[in-house]
Amino acid sequence: MGLQLFNTLTRNKEEFVPLEPGKIRFYVCGVTVYDHCHIGHARSAIVFDVIYRYLMHLGYEVTYVRNFTDIDDKIIRRANEEGTDYRTIAQRYITAFYEDMDALGVLRPNLEPLATDNIPGMIEIIQKLMDKGIAYQSGTDVYFQVEGFPSYGRLSGRALEDMMAGARVEVDANKRNPMDFVLWKGSKPGEPAWDSPWGPGRPGWHIECSAMGNRFLGKTFDIHGGGKDLIFPHHENEIAQSEAAFDAPFVKYWIHNGFVNINNEKMSKSLGNFFTIRDVLQRVHPEALRLFVLSKHYRSPVDFSDETVAEAERGLEKLYHTLAAVKDRTPASQEGETAEKALQSQDSELFQETLALPQAFTEAMDNDFNTAQVIGYFFGLQRHLQRFLDRFGQKKLKGPAAALARKAASTLRQYAGIMGLLSLEPEVFMQEQRMLKLKATGMMAEEVERLIELRQQARKNKDFAEGDRIRKELEDKGIQLEDTAGGTRWRVTV
RNA sequence: GGCGGCAUGCCCAAGUGGUAAGGGAGCGGUCUGCAAAACCGUUAUUCACCGGUUCGAAUCCGGUUGCCGCCUCCA
């Protein structure tokens, strides 16, 4: 069947056929660097990261471009507020962006161009549009004339007349049509400015993506992504500019991710109901956040709350717990290949489920990146694997049993890895998770360890009352003890 | 006012014409010195409501209600 994806342009799921066999040219709108990123940005980044990883997994040679908007009114305003240069602001938040993305485990695109490094390309496009009479200068600004582009509104599914009837469009005496949008914005004295045939100024917002897309990916490219809120006007305008300038289709497939909501309302800067990525990562493990995001289909809205995030955390802990159990209870060294028959005879169902995972994974991902379904498969395999382990009680697994457990675990990790999940060694994850959660209890790890040691002494002396008292004391502070064959483990439950 | 989306058990959530995945929580059990974790069992004859198409619909069509988004910067 092959990859099917929902194309915003046609509002249908379509079979994906690359423009050039084996290759994909992929562009995602990046951020405007005037402030820290919030969870909404995190969702978008994670969603497109998984799409990128999956396209590579399918064997495509992917050229992935994600830009930075490093010049814009909000950046200038911020610079003025702080009495500094727009570059300082942009650079600061680019650095912060990388810190956030790295923490989230989001892979770097192949190219991450800056708008300000691509101004000649923008001027070139604007010039083309001027030459064709589709753009006009008015005062110190240059505008795109929407009526000169007949299919304007196709992506967002609305007609020009309808939009004008909306009447919320700012009346601008410079514009011939209220829907015309700025391509080049004349600078006021003291504002950042670049020379152009229309006088000193700066580019309008939409033109940068047309210029960078064209420069790095060509006139027409395969996939363009971004948040749903970019459909109109940003992407609509990109299409108008690019297609009018180059007389070629701009993009074949448009992919848009849904919003992150708080209390069922869109998270946004303007509403002020946002959490920054860095704040959330103070208390939530990045992989838990990733699991949270991928537990829902990328086009649906998701509600971000303590409860929904906690569910993802518990789920992730469960998956890692099973991986840890396999690691602890099977021999460290691999003793060669075990015959399939021997594996199957250990537990036919687990064996089959392990073998079936690659195809189930691919079918779900091919179906418009159905990561939620994939995660369901992960839990199914985890449960069977854990059940298999439990059959052996406290005993270690040997021979074909160990081989089957390892095969199931490594298959699980391999496919979860394509989505950027289960990428850590289980003990590393559990340690990170403990340390993260410990902050909320106000306790130090040493203190916990000391109390555990005291409890062990008491238990050795058969003083269970004292042992239980210590456990209760820790429990009240949010530390849950788990006595295992390998000693006492602890985790934080608050 | 225009355009679009969504409504699945207590909560989250997949399902795209063939008879309801998965996770969390709850309850019962196994295990445990006691716990925790884990595992097992259990919770939707039913998918907002009303009609229709079909041998068959959560899935398609029409209508109703509710929520959300876009039309202004926004992932």
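These numbers come from a predicted model, not from an experiment. Protein chains get the first letters and strands the later ones, always in sequence-line order, with residue 1 at the start of each.
- Taking the six-membered ring for Trp and the full ring otherwise, the centers of A:Phe369 and A:Phe6 sit at least 6.0 Å from each other.
- Residue A:Lys472 is out of contact with every strand shown, counting any heavy-atom pair closer than 4.0 Å.
- B:C47 and B:A36 have their C1' atoms separated by 37 Å, with the value rounded to a whole Å.
- Applying the ring pair (Phe, Tyr, Trp, His ring centres under 6.0 Å) test to A:Phe181 and every residue at least two apart in sequence or in another chain returns A:Phe144, A:His206.
- Nearest to the side chain of A:Pro233, among B:C73, B:C40, B:A75, sits B:C73.
- A straight line from NE2 of A:His234 to P of B:C73 spans 11 Å, rounded to a whole angstrom.
- Residue contacts shown for A:Val28 are absent, as no nucleic acid heavy atom lies under 4.0 Å away.
- B:G18 is paired with B:C55 under the criterion used here, namely a Watson-Crick or G-U wobble arrangement in which both key atom distances are under 3.5 Å.
- A:Gly40 comes within contact range of at least one nucleobase, with a heavy-atom separation under 4.0 Å.
- Each of B:U16, B:A75, B:C40 was ranked by its minimum atom distance to the side chain of A:Asn367; first place goes to B:U16.
- Between A:His36 and A:Tyr93, the ring planes are perpendicular. Angles over 60° get that label, and only those under 30° would be called parallel.
- Between A:Phe232 and A:Asn257, the residue whose closest nucleotide on RNA chain B is further toward the 5' end is A:Phe232.
- Atom NE2 in A:His297 sits roughly 16 Å away from atom C1' in B:C12 (whole-Å rounding).
- In the model, A:Ser156 has a side-chain atom that pairs as donor or acceptor with a side-chain atom of A:Glu236 under 3.5 Å.
- Which of B:C11, B:G15, B:A75 sits closest to the side chain of A:Glu311 comes down to B:C11.
- Look at the P atom in both B:A57 and B:G18: the space between them is 12 Å, to the nearest Å.
- A:Phe378 has its CZ atom 20 Å from the P atom of B:A21, to the nearest Å.
- Side-chain proximity of A:Phe379 to B:A75, B:G22, B:G2: nearest is B:G22.
- Within the 4.0 angstrom heavy-atom criterion, no nucleotide atom of any strand lies near A:Gly393.
- Looking at heavy-atom distances under 4.0 Å, A:Asn261 makes no contact with the nucleic acid at all.
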5' to 3', nucleotides 30-38 of chain B under a 4.0 Å protein heavy-atom cut-off (B base, S sugar-phosphate only, - none) gives ---BBBBSS
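- Annotation: B:A37 and B:U32 have their C1' atoms spaced 11 Å apart (nearest Å).
- Pair assignment for B:C49: B:G63, on the basis of Watson-Crick or G-U wobble contacts that are both within less than 3.5 Å.
- At a threshold of 4.0 angstrom between heavy atoms, the contacts of A:Asn264 are confined to the sugar-phosphate backbone, with no base atom among them.
- Among all heavy-atom pairs drawn from A:Cys29 and A:Leu230, the shortest one is CB-CD1, 3.6 Å.
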_Show, in sequence, the C-alpha distance, side-chain angles and deciding distance for A:Met122 and A:Leu183, and conclude whether the side-chain contact (heavy atoms from CB on, under 4.5 Å) test is met._
CA-CA 9 Å; A:Met122 301 184 212; A:Leu183 295 167; over 6 Å; no
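- Here the P atom of nucleotide B:G22 and the CG atom of A:Leu316 are 20 Å apart, to the nearest Å.
- Separation of the C1' atoms belonging to B:A21 and B:C61 is 28 Å when rounded to the nearest angstrom.
- In this structure, CZ of A:Phe259 is placed 15 Å from P of B:G5, rounded to the nearest angstrom.
- Between A:Asn370 and A:Ser268, the residue anchored closer to the 5' end of RNA chain B is A:Asn370, taking for each the nucleotide with the nearest heavy atom.
- Base pairing of B:U42 is made with B:G26, judged by Watson-Crick or G-U wobble geometry with both donor-acceptor distances under 3.5 Å.
- Using a 30° and 60° split on the angle between ring planes, A:Phe275 and A:Phe304 fall in the tilted class, from 30° to 60°.
- A:Phe48 comes within 4.0 angstrom of nothing in the nucleic acid, heavy atoms only.
- As rounded to the nearest Å, B:C73 and B:A14 have P atoms that lie 31 Å from one another.
- The aromatic ring centres of A:Phe221 and A:Phe250 sit less than 6.0 Å apart.
- For the pair A:Glu313 CD and B:A25 P, the computed distance is 12 Å after rounding to whole Å.
- In this structure, CZ of A:Arg299 is placed 18 Å from P of B:C70, rounded to the nearest angstrom.
- Contact between the side-chain N/O atoms of A:Lys266 and the OP1/OP2 oxygens of B:C70 is found at a separation under 4.0 Å.
- Residue A:Arg11 is classed as having no contact, given no heavy-atom separation below 4.0 Å to the nucleic acid.
- B:C40 and B:A25 have their P atoms separated by 15 Å, given to the nearest Å.
- For B:C49 and B:G66, the P atoms lie 15 Å apart once the distance is rounded to whole Å.
- The aromatic rings of A:His224 and A:Trp254 lie parallel to each other, their planes meeting at an angle below 30°, with 60° marking the opposite boundary.
- Among the atoms of the strands shown, none is found under 4.0 Å from any heavy atom of A:His256.
- The side chain of A:Leu230 approaches B:A75 more closely than any other nucleotide in the set B:G2, B:A14, B:A75.
- To the nearest whole angstrom, the two C1' atoms, one in B:G41 and one in B:C31, are 15 Å apart.
- In summary, of the residues considered (A:Lys13, A:Gln4, A:His297), a side chain to side chain donor-acceptor pair (under 3.5 Å) with A:Asn367 occurs for A:Lys13 alone.
- A:Phe388 and A:Phe351 have their aromatic ring centers separated by at least 6.0 angstrom.
- Under the Watson-Crick or G-U wobble criterion, with both distances below 3.5 Å, B:A36 is left unpaired in every strand shown.
- The partner of B:G4, taking Watson-Crick or G-U wobble pairs whose two distances both stay under 3.5 Å, is B:C68.
- Within 4.0 Å (heavy atoms only), A:Gly376 reaches at least one base atom of the nucleic acid.
- Following rounding to the nearest Å, A:Asp35 (CG) and B:C73 (P) show an atom-to-atom distance of 18 Å.
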